[in-house]
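Numbering of ligands and ligand atoms starts at 1, following listing order. All residue numbers refer to positions in the sequence shown, counting from 1.
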Amino acid sequence: MSLIQTIKNKFKEKTIHKKWPGLINAYRDWLPISDKTPVITLQEGSTPLIYLKSISEKIGKEVEVYVKYDGLNPTGSFKDRGMTMAISKAKEEKCEAIICASTGNTSASAAAYATKANMRAFVLIPDGYVAQGKLAQALVYGAEVIAIKGNFDKALNIVQEISDKYPVTLVNSVNPYRLQGQKTAAFEVIEALGDSPDILCIPVGNAGNISAYWMGFKEYFQAKKSSKLPKMMGFQASGSAPLVLNKIIKEPNTIATAIRIGNPVNKEKALNVQKESNGKFKDVTDQEIINAYKILGKEEGIFCEPASAASVAGLLKMKDEIPKKTKVVCVLTGNGLKDPDCAITNNDAVFHQELEPDISEVIKTMGL
Ligand code: AN7
């Protein structure tokens, strides 16, 4: 039989691509929904867990490092996991408008899911501190964007008060359905690895995602779908590290604008995760973040946004503390395309510009 024929037969035997129904339908039994809940989905979830050869080698000691690449969700960040739940439940409760404060990704996701649900979306953002891709998304998905001359923490105070007084549902991570949706990432990690990792490294802003992952790991562990629980390592940017310094940061600052948050709303939950998992909060400098960001791009072929690279930066920083043969998962929360300005400014690429359109010029430049 010819090779082509063999391949054709193989494809006939089993379908390679299976339709993914979105995480609510995939994990229905694990989520607070009923048959009455309208499922508002963009088929989020089922993102890849990718082995990192170069980073694993840098850690050594037969440590295996993987990334959970949640930047491959429909709007390019993990927020879609929470938003499918928050918006579906808001729809079930007949809500007609939603609101959020955001460093960018929440606003992009909220805007997309609100549009899908035929609701109005109001998003408050810190003027000048939201990456271009995220702002572009909120506008294209049709949100009403309100930029304030103040940081995320200020914006969150405002939207909390508005949602208390007016019939507008708050979809920041204080909304409990957000964390319910986001916990499914931990389920997927366990399913892909066959067990829980030993260590989870994750960037921390409002500390919703670290709390959601922990909830997911605990639920699967209790259901005997994993044999252990991971140590949860949360990483913040040095200029914006309220959980590391144990105080509110009034003027947070970092190149990782997604986690430029000085007063995390899920602080108590996060402290509990740290205690229960025997984990830690640590900080990484902007320089360390950019270093990890570049390594992921040029050595692994993975493009994430700077906030996401904080998880890998943190792992590289605590390299000496990682025991032999452990399995580590770093969460890459957002896609690199979200922040093109950061990418153009921070790379080591050779970029020849303004050449004459002449083959000999090109060949000369190529060094041939
Ligand atoms: C890429 O979009 O808070 O610790 O308003 O966009 O759960 O807050 C974003 C947070 C990590 C931190 N990585 O997650 C927002 C927002 C990326 C992010 C975080 C965010 P949490």
Side-chain angles (χ1 to χ4, degrees), residues 47 67-73 75-83 86 99-112 123-126 129-131 133-135 137-138 143 145 148 151-156 159 170-175 178-179 181-183 185 200-215 232-237 240-244 252 254-267 269-271 273-274 281 284 289 293 303-314 330-339 342:
T47 56
V67 286
K68 179 64 172 162
Y69 193 19
D70 248 0
L72 286 186
N73 273 299
T75 79
S77 86
F78 73 98
K79 303 284 180 182
D80 296 343
R81 293 182 182 275
M83 216 51 80
I99 193 166
C100 67
S102 180
T103 57
N105 280 325
T106 300
S107 65
S109 187
V123 307
L124 260 75
I125 56 168
Y129 288 93
V130 167
K134 305 176 188 180
L135 179 58
Q137 288 180 292
V145 180
I148 62 156
N151 61 30
F152 169 85
D153 304 286
K154 184 79 195 146
L156 186 63
V159 296
L170 185 63
V171 296
N172 279 103
S173 57
V174 281
N175 179 322
R178 279 274 312 275
L179 302 195
Q182 286 172 213
K183 77 183 179 188
L200 188 93
C201 296
I202 183 166
V204 173
N206 255 315
N209 212 26
I210 193 169
S211 310
Y213 263 90
W214 185 238
M215 178 161 52
M232 303 288 282
M233 295 296 308
F235 294 102
Q236 301 204 289
S240 179
L243 290 167
V244 180
T254 167
I255 193 167
T257 52
I259 51 172
R260 186 173 165 270
I261 293 169
N263 188 14
V265 70
N266 294 299
K267 179 180 167 193
K269 281 198 185 78
L271 291 174
V273 173
Q274 178 193 24
F281 291 110
V284 282
I289 289 174
Y293 172 85
F303 189 21
C304 67
E305 66 170 281
S308 306
S311 62
V312 174
C330 298
V331 182
L332 297 185
T333 44
N335 197 297
L337 293 169
K338 294 270 191 178
D339 195 345
C342 175

(request) Check A258 against ligand 1 and report side chain, backbone, both or neither, counting heavy atoms closer than 4.0 Å. (result)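 Both of them.
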(request) Measure I210 to ligand 1 on non-hydrogen atoms and call it side chain, backbone, both or neither using the 4.0 Å cut-off. (result)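 For I210, there is no contact with ligand 1 at all, from either part.
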(message) Testing the 3.5 Å rule here: is there a donor-acceptor pair between the side chains of S173 and N266?
(response)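 A pair is found: one side chain offers a donor N or O, the other an acceptor, under 3.5 Å apart.
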(request) Using distance alone, with no hydrogens and no angle criterion, decide if T333 and S308 have a side-chain donor and acceptor under 3.5 Å apart. (result)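 Side chains of T333 and S308: pair found under 3.5 Å.
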Is any N or O atom of [X], backbone or side chain, closer than 3.5 Å to an N or O atom of ligand 1?
{"X": "G208", "value": "yes"}
{"X": "S102", "value": "yes"}
{"X": "Q182", "value": "no"}
{"X": "S107", "value": "no"}
{"X": "A307", "value": "no"}
{"X": "E305", "value": "no"}
{"X": "T333", "value": "yes"}

Check: [Y] and [X] side chains under 4.5 Å, non-hydrogen atoms:
{"X": "V331", "Y": "F78", "answer": "no"}
{"X": "F303", "Y": "Y293", "answer": "yes"}
{"X": "N172", "Y": "F152", "answer": "yes"}

Just to be sure I'm reading this right: ignoring hydrogens, which of [options] gets closest to [atom]? Compare them by their nearest heavy atoms.
{"atom": "atom 12 (C) of ligand 1", "options": "G205, C304, G104", "answer": "G205"}
{"atom": "atom 8 (O) of ligand 1", "options": "N335, T103, N206", "answer": "N206"}
{"atom": "atom 14 (O) of ligand 1", "options": "F235, Y213, F78", "answer": "F78"}

(message) Please evaluate residues V123 and S102 with respect to the criterion side-chain contact (heavy atoms from CB on, under 4.5 Å), reporting the C-alpha separation (whole Å), side-chain torsions for both, the decisive distance (0.1 Å), and the verdict.
(response) CA-CA 7 Å; V123 307; S102 180; 5.6 Å; no
Test item: [X] side-chain N/O and [Y] main-chain N/O as donor-acceptor pair under 3.5 Å:
{"X": "Y213", "Y": "Q182", "value": "no"}
{"X": "K68", "Y": "T47", "value": "yes"}
{"X": "D80", "Y": "M83", "value": "no"}

Close-contact set for ligand 1 against [X] heavy atoms, below 4.0 Å:
{"X": "N105", "answer": "1 (C), 2 (O), 6 (O), 17 (C), 18 (C)"}
{"X": "V204", "answer": "4 (O)"}
{"X": "I261", "answer": "3 (O)"}
{"X": "A207", "answer": "4 (O), 8 (O), 21 (P)"}
{"X": "T106", "answer": "2 (O), 5 (O), 15 (C), 16 (C)"}

(request) Quick one: closest heavy-atom pair of S240 and I259, and the distance? (result)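 For S240 and I259, the tightest heavy-atom pair comes out as OG-O, 3.0 Å.
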Heavy-atom nearest neighbour in the protein, as seen from [atom], with distance rounded to 0.1 Å:
{"atom": "atom 7 (O) of ligand 1", "value": "N209 N, 2.8 Å"}
{"atom": "atom 10 (C) of ligand 1", "value": "K79 NZ, 3.1 Å"}
{"atom": "atom 19 (C) of ligand 1", "value": "I259 CG2, 3.6 Å"}

(request) Go through C330 and V67 one step at a time and tell me if the side-chain contact (heavy atoms from CB on, under 4.5 Å) criterion holds. (result) CA-CA 5 Å; C330 298; V67 286; 4.0 Å; yes
(message) Between T103 and N206, is the side-chain contact (heavy atoms from CB on, under 4.5 Å) condition met? List the steps.
(response) CA-CA 10 Å; T103 57; N206 255 315; over 6 Å; no
